[in-house]
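The figures that follow rest on heavy atoms only: side chains count, while hydrogens, waters and symmetry mates do not.
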Amino acid sequence: MTALPGRGARLSALTDPTRVVFLALAGVILIGWVLVAMAGGQFLTLENIVGVQQRSAALGIVAVGQTLAILAGSLDLSVAYLISLTSLVAAEIMAGQDAGVVPAVAAVAGISALVGLVNGLVITKLRVHAFIATLGVALIIKGIVDHLYDGPAGRVPESFQHLGYDRIGPVPVSALLWAAVALAAWFLLSRTRYGYRVYAVGGDPDVARLSGIRTDRVVIVTHVLCSLCAGIAGLLLASRLGAGAPTVGTDGGYDLESIAAVVLGGTALAGGRGGVAGTVGGVLLLAVLDSLFNQLEVNSFVKDVVRGVVIVAAVAVYARRTGMLGRRRA
C-alpha cells in the first residue's frame, strides 16, 4: 500500500522546485538589469519595483487559491469569469457610496463561496473531471455576465480605491493583501489538519479514503477557498478600475495564468506535491518578465513565446528531477 503523504510532503514548499524558481527569478532580475542598462534605462527603480508588486497582486491572490485546488488533485477554470462577475456585483452594490462597501464584500464572499461549492459538488458527487466541471461553470457565469452587462457597471467609492492604489512606504496595499492571503494559505497547508488532508488527497485519494479522510469534503472546501480567492481578486480589480468590468478577468487571463504560475512554482499538476512559496516565486517571475518586456518594448508575440518556453522548460526540469529521484529511491 502506498504510504500516506505526511510531513515530508507538506514541507515540499521548501524543496528543490521552490529554490529553482527563486534562483530563476534572481537570474531574470540580473539579466533584466543588464539588458535595460545596455538600452540606456534603469530596471531596478522604485517605480518599477512598485509596479511589479501592483501588477502581480491580483494574479498572486488567484494563484494561491489555484494552488490549493491543484494540490488536492483538482483545478479551477472558472476563476476568470468569477473575477469579472464579482467586480461587477461589488461595484453595483457600492454605487459610489461608502455604506455599500460592507454589503458588497459580503455579497462577493457569498457568490464566490456558492460558485466554489457548485464546482466541488459537481466534481465529487457527479464525478465530473475538474477540467470539464469548472469549464462548464465558467461558461454558465459567462452567459450570466453577457446577458446582464454590456459594459462597465457600478461605481466604487474613492475610499475603496485606496486598496488598489495606496502604498505603505514602498509597499502597495494590494501587495500586503496578497501577502496576507498567501500567509493564510501557507498556515492552512502547513499547520492544520486540513493541509495534511489536502496533500493526502492530492497524493493518492484512494489511500486517503482508506485512512479515514473524507476526500469529497476536502475537495469541496478547497474549491470554496479557491473561489473566495478569485472573489478577493475581483474586489481588488474593481478598486483599481473604479467600476466593475465584464471582461476584467478574461482579459487578464487569470485562469490559465494562475495555473501557469502554480506549475512554474513547482506544484505538481497531479496534486500532492508543492506549496504556496513556490507559487509566490512563479507569480513574481511572470511579473518581472512582463516588466522587462515592457521596458524593452518587446512585441506581444515574442512575449507569449518566451513565457511559454519558460513554463515548458520549468515543467520539464521538475519532471526530470522527479523521475531521477524516483529511480534513486527504487
Side-chain angles (χ1 to χ4, degrees), residues 13-14 17-67 83 160-186 229 232-233 235-242 248 251-254 257-258 260-262 264-266 275-300 302-304 306-307 309-311 314:
L14 299 177
T18 300
R19 291 200 293 268
V20 170
V21 74
F22 279 101
L23 286 173
L25 175 61
V28 169
I29 292 173
L30 179 60
I31 293 171
W33 176 72
V34 172
L35 292 177
V36 173
M38 290 174 61
Q42 291 184 318
F43 186 59
L44 295 177
T45 63
L46 179 61
E47 180 182 359
N48 192 35
I49 293 172
V50 170
V52 167
Q53 294 178 72
Q54 288 180 324
R55 286 192 298 271
S56 63
L59 175 60
I61 292 169
V62 180
V64 168
Q66 198 75 258
T67 303
I83 288 171
F160 193 72
Q161 293 182 35
H162 294 316
L163 175 64
Y165 291 102
D166 278 13
R167 291 188 291 172
I168 299 177
V171 183
V173 174
S174 57
L176 293 175
L177 176 61
W178 174 28
V181 172
L183 284 172
W186 171 84
C229 287
I232 294 171
L235 288 169
L236 175 58
L237 293 172
S239 73
R240 287 185 186 168
L241 297 173
V248 67
D251 287 348
Y254 289 103
E257 287 276 320
S258 61
V262 173
L264 195 58
V276 174
T279 297
V280 171
V283 172
L284 290 175
L285 180 57
L286 292 176
V288 170
L289 279 173
D290 278 342
S291 177
L292 175 60
F293 292 151
N294 290 336
Q295 287 201 264
L296 295 177
E297 298 181 351
V298 176
N299 66 59
S300 58
V302 176
K303 286 182 183 179
D304 291 338
V306 173
R307 286 159 65 93
V309 169
V310 168
I311 293 168

Show which side-chain atoms of residues 275-282 pair as donor or acceptor with protein atoms under 3.5 Å away, not counting sequence neighbours.
from: Thr279; atom 1: OG1; to: Thr67; atom 2: OG1; distance (Å): 2.7
from: Thr279; atom 1: OG1; to: Gly275; atom 2: O; distance (Å): 3.4

Using atom types as modelled, flag every donor-acceptor pair under 3.5 Å from a side chain in residues 163-171 to any protein atom, sequence neighbours excluded.
from: Tyr165; atom 1: OH; to: Arg240; atom 2: O; distance (Å): 2.4
from: Asp166; atom 1: OD1; to: His162; atom 2: ND1; distance (Å): 3.3
from: Asp166; atom 1: OD2; to: His162; atom 2: ND1; distance (Å): 3.2

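No option in Val21, Leu23, Ile29 other than Ile29 meets the side-chain contact (heavy atoms from CB on, under 4.5 Å) test with Leu25.
Taking the side chain as every heavy atom from C-beta outward, Lys303 and Leu289 never approach each other to under 4.5 Å. No side-chain heavy atom of Tyr254 sits under 4.5 Å from any side-chain heavy atom of Ile61. Looking only at side-chain heavy atoms (C-beta outward), Leu235 and Phe160 come within less than 4.5 Å of each other. By the 4.5 Å heavy-atom criterion applied to side chains, Leu35 and Phe43 are not counted as neighbours.
Within the structure, the side chain to side chain donor-acceptor pair (under 3.5 Å) test picks out the following pairs touching residues 38-51 (sequence neighbours left out): Asn48-Ser291, Asn48-Gln295. Within the structure, salt bridge (Lys or Arg N to Asp or Glu O under 4.0 Å) contacts touching residues 290-300 (residues at least two apart or in different chains) are Asp290-Arg307.
Of all non-hydrogen atoms in Val181 and Cys229, the two that sit nearest each other are CG1-SG, 4.0 Å. Scanning all heavy atoms of the two residues, the minimum distance from Ala57 to Leu236 falls at CB-CD2, 3.9 Å. In plain terms, the two heavy atoms of Ala233 and Val62 that are nearest each other are CB-CG2, 3.5 Å. When all heavy atoms are compared, the tightest approach of Leu296 to Ala39 is CD2-CB, 4.4 Å. Shown here for Ser258 and Leu59, the closest heavy-atom pair between the two residues is N-CD1, 3.7 Å.
The side-chain hydrogen bond (donor to acceptor under 3.5 Å, both in side chains) test applied to Asp251 returns Thr247, not counting sequence neighbours. Partners of Gln54 according to the side-chain hydrogen bond (donor to acceptor under 3.5 Å, both in side chains) rule, which considers only residues two or more places apart in sequence or in another chain, do not exist here.
Distance check: Leu177 CG to Ser239 OG gives 9.0 Å after rounding to the nearest 0.5 Å. With values rounded to the nearest 0.5 angstrom, Gln161 atom CD is found 9.5 Å from Leu241 atom CG. Between the CG atom of Leu264 and the CD atom of Glu257 there is a distance of 10.5 Å, given to the nearest 0.5 Å.
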